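Data first, discussion second: the structure below is written as structure tokens.
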Amino acid sequence: MKKVKVELGKKSYHILIGYPLDDIGRILKKYTTGIKALIITNPRIAEYYLETVDRSLRKLGFQVFVAQVPDGEEYKSLDEASKLYARCVEHRLERESIILGLGGGVIGDLAGYVAATFMRGLPIVQVPTTLLAQVDSSVGGKVAVNLPQGKNLVGSFYQPLLVYIDLAVLNTLPAEEMEAGLAEVIKYGIILDKNFFGYLERNIGRIRGLESQVLEGVVSRCCTLKAMVVEKDEREKGLRSILNFGHTLGHALEALSQYKEYKHGQAVAIGMVGATRIAEKMGLLKRGVGERIEHLIGEAGLPRRIEAELSIEGIIQILSLDKKVRAGKVRFVLPERIGRVVVRDDIPEQIVIDVVRGLMT
Ligand code: NAD
Ligand code: GLY
């Protein structure tokens with residue numbers, strides 16, 4: 001069991017890692033005097049874990065309500081948020097009441113958004129059930145819903161009361177979802193921690209084999225690294241943008257394929273390979289480092305090439321749309337060595353085109 005603190009003054013909170021779901025009621029009692037709890041989840045996760053969480057909360061005297069949202073990114077929407085507000089009203093939730101997001105990043109972002117906005121804010125407890133949500137989306141306070149015009153366009157920074165992680169839930173996670181989460185895990189090594197990257201190289205098989213001791217160390221290191229970044233730059237005015245390593249090209253691939261071809265982590269994996277190659281062409285990265293990065297991404301079961309039927313023009317066009325939003329600049333996070341990145345917005349377009357073309361062959 002591990003406990004990581006995110007130090008944000010009055011908004012500080014704990015991330016509890018390796019805690020069993022059936023103990024959540026007892027632990028949560030230490031963090032709240034609230035009585036009512038609305039669990040937001042989806043049917044797939046409910047089938048595995050709802051009863052355990054529900055029973056644990058009731059045992060400690062919580063009055064529990066459950067709202068299920070259909071499974072899928074398309075339900076991270078204002079429509080679903082408004083149905084959830086109706087449930088909050090129906091159950092007469094008040095300021096002390098807890099909203100508990102039990103699920104992956106979709107549920108976490110949606111539940112967090114509802115918690116941030118209903119009655120100007122109820123406490124949100126994040127109980128992430130995907131690797132991606134455990135190492136990334138449940139930590140740091142970004143909450144959001146999508147609009148038809150784009151992902152995460154409506155949202156806020158709203159820190160949770162508590163993040164409660166049971167690693168055993170990863171046993172039911174499909175392998176592809178596990179791999180998608182590994183892209184974010186590898187990202188932390190490249191941007192911030194060369195020793196951690198080396199550890200991942202040596203232990204990737206044990207991680208994919210879900211060895212619990214190894215997983216506990218990996219998830220807690222990622223949470224510690226993310227906490228360090230968020231503590232320094234909660235609202236992404238500067239440093240926090242390093243967490244977007246691999247995301248510039250990754251987002252373009254996701255958007256161009258209408259979010260159907262790639263899971264987020266898979267697109268980020270290709271984006272990390274792309275950013276690494278751009279860094280090499282810019283003379284920022286020593287020989288051999290790129291090979292190590294690409295090798296580990298491959299060992300994690302992640303794609304390193306663009307195999308989907310996407311056009312290079314389409315990709316460049318999406319990057320240029322991004323550019324309009326960012327005052328004429330496309331921003332890339334580029335590795336200088338393992339454990340250190342730099343944010344650059346002066347990459348010649350021809351280098352980007354050459355790298356993307358290389359990823360397609
Ligand atoms: P997801 O929430 O869609 O979950 C993936 C799939 O796994 C779903 O079908 C889900 O029902 C299923 N699932 C979840 N836990 C399971 C378990 N333990 N066993 C079996 N099945 C399980 O996907 P995700 O990758 O967790 O999250 C993606 C979302 O996270 C996106 O909406 C993205 O925008 C958001 N995100 C947010 C942040 C942030 O900082 N807030 C960061 C990264 C990503
Ligand atoms: N997922 C990127 C961030 O939290 O800033």
Side-chain angles (χ1 to χ4, degrees), residues 6 21 40-50 52-53 68-77 80 101-113 115-116 124 126-147 150-160 163 165-185 187-188 191 210 222-223 225-248 250-251 254-255 259 262-268 333:
V6 185
L21 276 189
I40 300 179
T41 190
N42 77 27
R44 188 195 302 210
I45 299 153
E47 192 186 322
Y48 293 119
Y49 305 112
L50 178 59
T52 307
V53 174
Q68 294 202 31
V69 176
D71 194 0
E73 179 73 38
E74 64 271 40
Y75 298 101
K76 200 176 104 178
S77 65
E80 290 303 320
L102 173 66
V106 166
I107 289 292
D109 279 12
L110 173 65
Y113 175 76
I124 171 81
Q126 294 286 5
V127 186
T129 61
T130 62
L131 180 63
L132 181 134
Q134 294 182 347
V135 300
D136 188 4
S137 62
S138 67
V139 175
K142 282 188 180 174
V143 298
V145 293
N146 304 323
L147 293 183
K151 269 191 71 169
N152 297 326
L153 285 182
V154 181
S156 182
F157 291 94
Y158 188 70
Q159 302 299 334
V163 181
I165 300 177
D166 181 350
L167 298 161
V169 300
L170 300 178
N171 287 310
T172 56
L173 194 65
E176 241 195 352
E177 297 293 348
M178 185 69 194
E179 289 153 13
L182 281 175
E184 302 287 355
V185 171
K187 177 189 83 177
Y188 287 111
I191 64 174
L210 301 176
C222 293
C223 289
L225 291 167
K226 182 151 186 186
M228 269 166 42
V229 171
V230 170
E231 284 164 2
K232 291 197 183 118
D233 178 24
E234 185 190 359
R235 291 185 163 247
E236 202 168 318
K237 302 261 192 271
L239 177 72
R240 189 165 176 166
S241 63
I242 67 170
L243 298 174
N244 296 331
F245 174 56
H247 286 57
T248 309
H251 277 152
E254 284 183 283
Y259 299 91
Y262 294 109
K263 297 197 180 304
H264 178 68
Q266 293 172 325
V268 167
V333 181

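Each ligand, and each atom within it, is numbered from 1 in the order the structure gives. Model, not experiment: these values are computed from the prediction.
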Keeping [X] on the side-chain end and [Y] on the backbone end, is there a donor-acceptor pair under 3.5 Å?
| X | Y | answer |
| --- | --- | --- |
| Asn42 | Ile45 | yes |
| Gln126 | Gly108 | yes |
| Glu80 | Ser77 | no |
| Asn146 | Asn152 | yes |
| Gln68 | Ile40 | no |
| Thr129 | Val169 | no |
| Lys226 | Val135 | no |
| Asp233 | Arg240 | yes |
| Ser138 | Ala133 | yes |

Specify the protein heavy atom at minimum distance from [atom]: its residue, its atom name, and the distance to 0.1 Å.
| atom | answer |
| --- | --- |
| atom 21 (N) of ligand 1 | Arg44 CD, 3.5 Å |
| atom 35 (C) of ligand 1 | Asp109 OD2, 3.4 Å |
| atom 1 (P) of ligand 1 | Val106 CG2, 3.9 Å |
| atom 5 (O) of ligand 2 | Arg240 NE, 2.7 Å |
| atom 8 (C) of ligand 1 | Asp71 OD1, 3.4 Å |
| atom 23 (O) of ligand 1 | Gly105 N, 4.1 Å |
| atom 14 (C) of ligand 1 | Thr130 CG2, 3.3 Å |
| atom 1 (N) of ligand 2 | Asp136 OD1, 3.1 Å |
| atom 43 (C) of ligand 1 | Asp136 OD2, 3.5 Å |
| atom 6 (C) of ligand 1 | Glu177 OE2, 3.6 Å |

Please identify which atoms of ligand 1 are closer than 4.0 Å to at least one heavy atom of [X].
| X | result |
| --- | --- |
| Asn152 | 34 (O) |
| Tyr48 | 20 (C) |
| Thr172 | 17 (C), 18 (N), 19 (N), 20 (C) |
| Tyr49 | 18 (N) |
| Glu73 | 31 (C), 32 (O) |

With rounding to the nearest 0.5 angstrom, report the [atom1] to [atom2] distance, [X] to [Y].
| X | Y | atom1 | atom2 | value |
| --- | --- | --- | --- | --- |
| Gln159 | Ile124 | CD | CD1 | 12.0 Å |
| Thr41 | Leu110 | OG1 | CG | 11.0 Å |
| Lys187 | Leu243 | NZ | CG | 5.0 Å |
| Ile191 | Ser241 | CD1 | OG | 9.5 Å |
| Lys263 | Glu254 | NZ | CD | 11.0 Å |

Query raised in the report: Would you call Lys226 a ligand 2 contact, heavy-atom distance under 4.0 Å?
Result: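 So Lys226 counts as touching ligand 2.
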
Taking non-hydrogen atoms only, is [X] closer than 4.0 angstrom to ligand 1 via side chain, backbone, both or neither?
| X | value |
| --- | --- |
| Lys151 | side chain |
| Thr129 | both |
| Leu170 | neither |
| Leu132 | side chain |
| Asn146 | neither |
| Lys263 | neither |
| Lys142 | both |

Query raised in the report: Does some side-chain heavy atom of Val268 sit less than 4.5 Å from a side-chain heavy atom of Tyr262?
Result: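 When only atoms from C-beta onward are counted, Val268 and Tyr262 do not touch, as no gap falls below 4.5 Å.
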
Query - Thr172 vs Tyr49, side chain to side chain donor-acceptor pair (under 3.5 Å): CA-CA, chis, key distance, verdict - result: CA-CA 10 Å; Thr172 56; Tyr49 305 112; 2.6 Å; yes

Query raised in the report: Based purely on interatomic distance, does His264 place a nitrogen or oxygen under 3.5 Å from a nitrogen or oxygen of ligand 1?
Result: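 N/O-N/O distance below 3.5 Å does not exist for this pair.
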
Query raised in the report: Looking only at distance, does Asn244 have an N or O less than 3.5 Å from an N or O of ligand 2?
Result: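 Checking ligand 2 against Asn244, no N or O pair falls under 3.5 Å apart.
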
Requested in this report: Pick whichever of Glu234, Glu236, Lys142 has a heavy atom sitting closest to atom 3 (C) of ligand 2.
Outcome: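 Nearest heavy atom to atom 3 (C) of ligand 2 lies in Lys142.
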
Report task. Out of Ser137, Ala133, Gly140, indicate the one that has the non-hydrogen atom closest to atom 36 (N) of ligand 1. Result ->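 Nearest heavy atom to atom 36 (N) of ligand 1 lies in Ser137.
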
Query raised in the report: Under 4.0 Å from any heavy atom of Leu243, which atoms of ligand 2 are there?
Result: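 Result: 3 (C), 5 (O).
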
